*Asks:* 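Can you read through this structure? Questions will come right after.
Computed from a predicted structure; not experimentally measured. Heavy-atom basis, side chains included; hydrogens, waters and symmetry copies ignored.
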Amino acid sequence: SCSSYDISNSTLVPVIASYDSIGNIAPLYVRINNNPYKILSYYRTDTVGFPVFDCKIDFYGQCKNIKLSYHPREFVWTLKN
């Protein structure tokens, strides 16, 4: 395959995000194990080839930290396991 990333330590997840014409990306919601979660805040860092987002989600009334990556060549999001 000609993938730009190794998903062996990640899970593909659906994300609703906001994109603008100058390249800003803001993840808004993520679905994990078929459950939707609102992203309360995030901090973006860029690695080689794709952005990584350290996110805080509302996990049943508690704040939980997750790490999402966006892979623009494949148009997919992954959750770090």
Side-chain angles (χ1 to χ4, degrees):
S1 139
C2 86
S3 177
S4 66
Y5 62 97
D6 174 13
I7 63 165
S8 61
N9 63 348
S10 299
T11 302
L12 292 171
V13 290
V15 172
I16 296 175
S18 172
Y19 304 84
D20 69 17
S21 61
I22 59 172
N24 294 317
I25 304 169
L28 305 173
Y29 294 89
V30 61
R31 185 173 290 276
I32 303 169
N33 297 328
N34 212 29
N35 295 306
Y37 299 101
K38 182 176 182 176
I39 296 173
L40 304 172
S41 65
Y42 66 89
Y43 178 78
R44 177 182 171 163
T45 57
D46 287 346
T47 61
V48 178
F50 57 89
V52 175
F53 299 85
D54 291 304
C55 302
K56 294 186 184 300
I57 63 170
D58 179 2
F59 187 75
Y60 301 105
Q62 296 182 355
C63 190
K64 181 177 178 181
N65 295 313
I66 63 168
K67 188 175 293 254
L68 295 172
S69 299
Y70 178 63
H71 306 273
R73 286 183 56 194
E74 294 83 6
F75 304 106
V76 298
W77 288 84
T78 57
L79 172 68
K80 178 95 169 153
N81 292 341

*Asks:* Let me confirm one number: the CD1-CG distance from Ile22 to Asp20, rounded to the nearest 0.5 Å.
*Replies:*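 These two atoms lie 4.5 Å from each other.
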*Asks:* Closest heavy-atom contact between Pro27 and Ala17?
*Replies:*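 Here Pro27 and Ala17 meet closest at CA-CB, 3.9 Å.
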*Asks:* Which residues end up grouped with Ile57 if you chain together Ile, Leu, Val, Met, Phe, Trp and Tyr wherever their side-chain heavy atoms are less than 4.5 Å apart?
*Replies:*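 Besides Ile57, the cluster holds Val13, Val15, Tyr19, Ile25, Val30, Ile32, Tyr37, Ile39, Tyr42, Phe53, Phe59, Tyr60, Ile66, Leu68, Tyr70, Phe75, Trp77, Leu79.
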*Asks:* Evaluate side-chain contact (heavy atoms from CB on, under 4.5 Å) for Thr11 paired with Asn81, printing each intermediate quantity in order.
*Replies:* CA-CA 7 Å; Thr11 302; Asn81 292 341; 2.8 Å; yes
*Asks:* Nearest 0.5 Å, please: how far is CG in Asp46 from OG in Ser69?
*Replies:* 10.5 Å
*Asks:* Would a 4.5 Å heavy-atom cut-off, applied to side chains only, mark Pro36 and Tyr29 as touching?
*Replies:*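 Result no, sub-4.5 Å side-chain heavy-atom pair not found.
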